[in-house]
Amino acid sequence: MEPHITLGPGSAKRSFPFQGDETLEFIPLGAGNEVGRSCCLLKFKGKTIMFDCGAHPGYRGEESLPFFDEVDAESIDLLLVTHFHVDHAASVPYFLTKTTFKGKVYMTYPTLAICKLVWSDFIKVSGISEQYGGSLYTEKDIQETVNKIICIDYHQEVEVEGVKFWCYNAGHVLGACMFIVQIAGVRLLYTGDYSRQEDRHLMAAEMPSVQVHVLVVESTYGVQTHEPRRSREKRFLEAVVSTLQLGGRVLLPVFAIGRAQELLLLLDEYWRKNPELHRYPIICLSGMAKRCIASYQTYINQMNNRIRHLNDIENPFEFRHIRYMTTMAEFQDNCPCVVMASPGMLQNGPSRDLFDRWCEYRHNSVVITGYCVQNTLAKELLDAQPATHTLQDGKEVPLKIRVHYISFSAHADFIQTSQFIDELRPSHIVLVHGEANMMASLKKQLVSKYEHMGVGVWSPQNTENVTLTFHESKVAKVVGSLAVERPKTGGSLHGVVLHKNFQLTIVGVDEMGAHAGLEVSHLIQRQSIPFHQPWDVLRFHLSKLFDSISGRCSSYFLLPFLLIYEPQTAINMIQLEWASNPVNDLVADSVLSVVLQVRHSCWECSTLLTNPYRL
Ligand SMILES: [Zn+2]
Ligand SMILES: [Zn+2]
């Protein structure tokens with residue numbers, strides 16, 4: 001027999017089953033069939049959680065924001081930010097200072113440390129073009145934002161009004177995490193960007209050890225598989241060294257933090273081993289890359305064993321062969337060299353300036369190492385391989401520079417994603433963070449692999465709602481004197497069901513103070529109605545309706561919980577009095593209805609003599 005709860009006194013029993021349908025909604029406000037401006041909503045049980053709050057690198061100004069208009073910012077309880085990349089975090093200061101959002105914001109310690117640098121840089125880069133309305137926020141807004149953020153460690157469990165969440169190391173970049181959110185026993189894992197492959201300094205993403213019902217996973221690389229690390233490092237070094245030996249310049253457009261440090265570790269180590277290369281300078285043209293080194297040194301304990309062992313001997317991020325420069329004016333372009341400059345997709349700034357300067361010469365190389373989003377020059381170079389290039393001043397020039405694409409992108413590929421799903425075995429998979437064609441091919445593969453197991457796969461567009469239904473088993477904890485004897489299947493308990501933070505507790509009415517800190521109050525309702533009919537007529541009609549009119553006192557009839565005061569001859573008013581609760585209110589309503597009918601219906605008096613009282 002299905003367990004059930006019984007509510008209410010005596011004849012007013014009300015039962016409901018412990019099982020019910022629960023609807024969970026998932027809505028991308030960004031990263032739906034695109035890469036850029038990651039921002040997704042989870043709505044369940046009256047709670048709303050936002051994952052990530054990024055900006056699209058391919059757009060400017062408000063165009064780069066997620067679709068914030070589609071949501072009431074004030075209704076969002078939590079914002080969980082997975083990592084510091086622009087497409088996941090750049091809109092956080094905007095959302096916290098320019099909307100009605102009042103919830104809490106969580107991220108890891110290294111993510112916050114580096115976000116401060118990224119946000120400042122975002123202001124500088126996006127503020128360049130006044131035609132797009134300048135930057136989305138100010139340094140003052142950043143400071144206000146930083147003060148509101150709560151930092152957490154990996155695996156630290158946090159509970160906010162019944163919503164539990166914690167995070168795991170996601171690989172990808174320093175501080176990156178994936179969040180598990182648990183509401184009323186249902187768990188959703190949002191991976192953000194993750195990589196299951198260890199690299200030169202980061203660990204591979206962890207495998208959560210708990211059952212997950214909904215997996216929201218990035219699909220950046222669709223069904224592609226990555227080149228093995230050794231092979232890609234070899235190709236990268238060959239491209240760099242061969243260009244230098246031909247007297248050319250090597251441009252490495254990268255976002256200043258993340259993959260940049262991985263490439264600097266690789267180059268510095270290679271230069272150490274090859275003294276003949278020391279005549280070629282390696283320049284990191286980024287103030288932000290220099291400033292983030294302090295955070296990298298602080299959080300070495302969150303990196304892999306290799307880098308921690310190196311750190312026992314000397315700090316691996318104190319590079320011997322890398323020169324930092326903060327402005328183009330410091331850079332003397334007078335010999336073959338390697339220059340790392342941001343942004344990674346050649347949209348504007350130093351990397352674009354150098355590309356414009358070097359693109360006409362065939363002995364130069366540009367090595368693109370990261371993922372490139374639509375609407376950027378780097379993406380155009382890879383997809384269209386154009387013969388000419390329009391400089392930032394509008395002049396068109398022949399495009400001779402050699403373009404290499406060697407991915408160091410720390411995102412999961414198809415093999416990693418499949419293995420991750422095989423181990424995790426979720427009931428539902430929602431794909432985000434992938435261009436439409438990549439996502440479609442991944443979805444097709446996943447459907448053919450998992451559909452027969454009943455696993456649903458979704459790939460929503462931005463603002464499209466994925467609705468999932470859960471048949472949830474509810475468990476109520478019995479406490480106090482009701483718990484002295486073990487509840488029996490099919491038996492019933494009489495008590496009060498308390499619902500707090502999605503947990504049910506059953507407690508005796510008298511023990512609510514001790515077990516729930518609640519005080520019991522009684523609300524007495526009293527109603528007066530003008531009444532001019534003979535009193536016995538009303539008594540007769542009530543006795544037809546109720547069995548339990550238990551006796552007659554001098555001034556009232558007594559139901560178990562309802563008093564009816566006889567009208568005093570001088571006043572001609574009848575009074576009802578009862579302890580208010582949903583059941584008693586219902587009975588009082590029906591008594592009132594009888595009173596009103598009798599008050600207006602004299603012919604009923606004729607039945608008085610032919611029917612006995614039922615006392
Ligand atoms: Zn990322
Ligand atoms: Zn991303």
Side-chain angles (χ1 to χ4, degrees), residues 28-40 50-59 64-66 80-92 107-108 110-115 117-119 121-122 167-179 190-197 199 201-205 216-222 224 226 253-263 288 292 295 302 342-345 347 368-376 378-379 407-413 416-417 430-436 438-439 442 459 462:
L29 300 181
N33 280 264
E34 66 173 359
V35 176
R37 60 178 157 187
S38 278
C39 184
C40 298
M50 179 183 272
F51 296 98
D52 283 336
C53 194
H56 198 300
Y59 301 112
S64 66
L65 294 172
L80 307 177
V81 181
T82 58
H83 65 290
F84 59 73
H85 273 156
V86 166
D87 62 321
H88 294 258
S91 295
V92 173
M107 58 179 68
T108 63
T111 297
L112 177 59
I114 298 172
C115 266
L117 305 176
V118 172
W119 292 334
D121 187 66
F122 186 75
C167 65
Y168 296 96
N169 191 326
H172 188 61
V173 289
L174 175 63
C177 70
M178 36 193 178
F179 281 102
Y190 177 86
T191 64
D193 294 349
Y194 78 113
S195 169
R196 296 273 290 148
Q197 191 180 48
D199 62 16
H201 69 296
L202 295 171
M203 291 184 241
V216 182
V217 65
E218 66 151 317
S219 49
T220 318
Y221 282 91
Q224 293 178 4
H226 290 326
V254 289
F255 182 62
I257 312 174
R259 292 301 82 197
Q261 284 63 43
E262 176 75 1
L263 293 174
M288 188 160 68
C292 82
S295 298
Q302 299 198 6
S342 62
M345 302 174 214
Q347 305 97 304
I368 295 168
T369 53
Y371 184 83
C372 301
V373 306
Q374 296 289 352
N375 235 18
T376 58
K379 181 75 173 164
S407 174
F408 278 71
S409 206
H411 293 270
D413 64 2
Q416 293 178 34
T417 302
V430 183
L431 303 178
V432 293
H433 198 288
E435 300 296 351
M438 288 289 185
M439 202 180 268
L442 179 60
S459 55
N462 283 334

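These numbers come from a predicted model, not from an experiment. Whatever order the structure lists them in is the order used to number ligands and atoms, beginning at 1. Reckoned from all heavy atoms, side chains included, excluding hydrogens, waters and symmetry mates.
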I'd like to know whether Tyr221 forms a ring-ring contact (aromatic ring centres under 6.0 Å, His included) with Tyr371, so could you lay out the CA-CA distance, the side-chain angles of the two residues, the decisive distance to 0.1 Å, and finally the verdict. CA-CA 9 Å; Tyr221 282 91; Tyr371 184 83; 5.6 Å; yes
Would you give the angle at the Zn ion (ligand 1) between His85 atom ND1 and His172 atom NE2, to the nearest 10°? 100°
So which of the N, O or S atoms of [X] lies nearest the Zn ion (ligand 2)?
{"X": "Asp87", "result": "OD2"}
{"X": "His433", "result": "NE2"}
{"X": "His88", "result": "NE2"}

For Tyr190 and Phe51, what are the C-alpha separation, side-chain angles and deciding distance, and is it a ring-ring contact (aromatic ring centres under 6.0 Å, His included)? CA-CA 8 Å; Tyr190 177 86; Phe51 296 98; 4.6 Å; yes
Working to the nearest 0.5 Å, report the span between [atom1] of [X] and [atom2] of [Y].
{"X": "Ser342", "Y": "Gln347", "atom1": "OG", "atom2": "CD", "result": "9.0 Å"}
{"X": "Thr191", "Y": "His411", "atom1": "OG1", "atom2": "NE2", "result": "10.5 Å"}
{"X": "Asp193", "Y": "His88", "atom1": "CG", "atom2": "NE2", "result": "3.5 Å"}

Taking both backbone and side chain into account, is any N, O or S atom of Asp193 nearer than 2.8 Å to the Zn ion (ligand 1)? yes
What N/O/S atom of His83 gets nearest to the Zn ion (ligand 1)? NE2
